[in-house]
Amino acid sequence: EEIGQKAFENCKSLITEISLPESVRVIGSSAFSSSAIKGNLTFPHNLESIGSSAFSGCSSLTGSLVIPDKVEVIPSSAFWHCGFTGTLTLPKGLFEIGSSAFSGTKFKGELNLPSSIATIGSQAFESTLFNGTLVLPSELISLGSSVFSGCWRLSGVVEIPENIVAIPSQLFSGCTG
């Protein structure tokens, strides 16, 4: 089953928690963008695809987020400026994180990037509250600009993988850790 594009976009009267049925495999682009859904967001275990901007601007979402293992790509702005206050768990087979995917979220704890990730788009984690040491996977081949800009709680030594041939602009701009 699928939740279509813009199905609940800008739905300001939907001030409630949502429960997605286990049968949902696809969440379309902007499906819940800028809606007033609140509380924890739990995905069905068989979810395979999340559309761009699917939950963008859902500032009343809280708690932790676990992305199911069948999701291989988190597209641009999927969770831009969501209000999550817990931790983020990414799937083991994740291949790509799009531009601004988690920009402005309030996740806490360490950011554990799976070893399978090859591409992280511009501003993907800009101004997030992750803390601790950041480990970039050895399979990583592409980093966009400002990926970790404003991530002032990150600390330790960051090793850039051999496959990265250029350090993009403002990669860690504003990081003070």
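Sequence positions, counted from 1, serve as the residue numbers for this chain. A quick note: this is a predicted structure, and the numbers were derived from the prediction, not measured.
Annotation: side chain of V24 is not in contact with side chain of F43 (no heavy-atom distance under 4.5 Å). Residues I117 and E139 form no side-chain contact, since every pair of their non-hydrogen atoms from C-beta on lies 4.5 Å or further apart. Using a 4.5 Å heavy-atom cutoff, the side chains of L61 and I37 are in contact. At least one side-chain heavy atom of L113 sits under 4.5 Å from a side-chain heavy atom of L134. When side chains are defined from C-beta on, S145 does not count as touching Q170, because their heavy atoms never get closer than 4.5 Å.
Judged by distance alone, with hydrogens and angles left aside, the side-chain atoms of S149 form a donor-acceptor pair with the main-chain N or O of S173 at under 3.5 Å. Using modelled atom types, no side-chain atom of S146 and backbone atom of S122 make a donor-acceptor pair closer than 3.5 Å. Judged by distance alone, the side chain of T119 and the main-chain N or O of S142 form no donor-acceptor pair under 3.5 Å. S77 places no side-chain N or O within donor-acceptor distance of the main-chain N or O of S53, the cut-off being under 3.5 Å. Between the side chain of N163 and the backbone N or O of S138 there is at least one donor-acceptor pair closer than 3.5 Å. Checking side-chain atoms of K106 against main-chain N and O of G86 turns up no donor-acceptor pair under 3.5 Å. Looking at S116, its side chain does come within 3.5 Å of a backbone N or O of L94 through a donor-acceptor pair.
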Please evaluate residues F148 and T128 with respect to the criterion side chain to side chain contact (heavy atoms under 4.5 Å, CB included), reporting the C-alpha separation (whole Å), side-chain torsions for both, the decisive distance (0.1 Å), and the verdict.
CA-CA 8 Å; F148 302 106; T128 57; over 6 Å; no
Full working for side-chain hydrogen bond (donor to acceptor under 3.5 Å, both in side chains) between N46 and K70:
CA-CA 7 Å; N46 289 322; K70 291 184 180 181; 3.1 Å; yes
Practice prompt. Check the pair T85 / K108 against side chain to side chain contact (heavy atoms under 4.5 Å, CB included), numbers first and verdict last.
Written response: CA-CA 6 Å; T85 54; K108 296 179 176 88; 4.2 Å; yes
Mind running side chain to side chain contact (heavy atoms under 4.5 Å, CB included) on E22 and H45 for me, showing each step along the way?
CA-CA 7 Å; E22 275 300 316; H45 291 95; 3.5 Å; yes
Exercise for the section: Report the C-alpha separation of L90 and L88 in whole Å, then their side-chain angles, then the decisive distance to 0.1 Å, and conclude whether the side chain to side chain contact (heavy atoms under 4.5 Å, CB included) test is met. Expected result: CA-CA 6 Å; L90 297 170; L88 172 64; 3.9 Å; yes
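I18 and F8 end up in the same hydrophobic cluster when Ile, Leu, Val, Met, Phe, Trp and Tyr side chains are linked at under 4.5 Å. Linking Ile, Leu, Val, Met, Phe, Trp and Tyr whenever their side-chain heavy atoms come within less than 4.5 Å leaves L140 and V73 in two separate clusters. Residues I141 and I120 fall into different hydrophobic clusters, defined by Ile, Leu, Val, Met, Phe, Trp and Tyr side chains chained together at heavy-atom separations under 4.5 Å. Linking Ile, Leu, Val, Met, Phe, Trp and Tyr whenever their side-chain heavy atoms come within less than 4.5 Å leaves F95 and L136 in two separate clusters. If you chain together hydrophobic residues whose side chains sit under 4.5 Å apart, L20 and I67 fall into the same group.
How far NZ of K92 is from CG of D69: 6.0 Å, rounded to the nearest 0.5 Å. Here OG1 of T133 is found 11.0 Å from CD of E159. Values are rounded to the nearest 0.5 Å. Once rounded to the nearest 0.5 Å, the distance linking CD of E110 with CG of N131 reads 7.0 Å. To the nearest 0.5 Å, atoms OG1 (T105) and CG (L129) are separated by 7.5 Å. Note that CD1 of I167 and CG of L143 are 7.0 Å apart. Values are rounded to the nearest 0.5 Å. For the atom pair OG (S23) and CD (E1), the distance works out to 3.0 Å, reported to the nearest 0.5 Å.
Closest approach of S103 and Q123 over heavy atoms only: CB-O, 3.3 Å. Of all non-hydrogen atoms in I27 and A31, the two that sit nearest each other are CG2-CB, 3.7 Å. Residues R25 and L47 come closest through the heavy atom pair O-CD1, 3.4 Å. In terms of heavy atoms, A124 sits closest to G98 at CB-O, 3.7 Å. Nearest heavy-atom pair, T87 versus S64, reported as atom, atom and distance to 0.1 Å: N-OG, 2.9 Å. When all heavy atoms are compared, the tightest approach of S35 to C58 is OG-SG, 3.8 Å.
Using a 30° and 60° split on the angle between ring planes, F32 and F55 fall in the parallel class, below 30°. Aromatic ring orientation, F84 versus F107: parallel (interplanar angle below 30°, classes split at 30° and 60°).
Annotation for E17: atom CD counts as buried by contact number, over 12 foreign heavy atoms lying within 6.0 Å.
For F125 and F79, the ring centers are positioned 6.0 Å apart or more.
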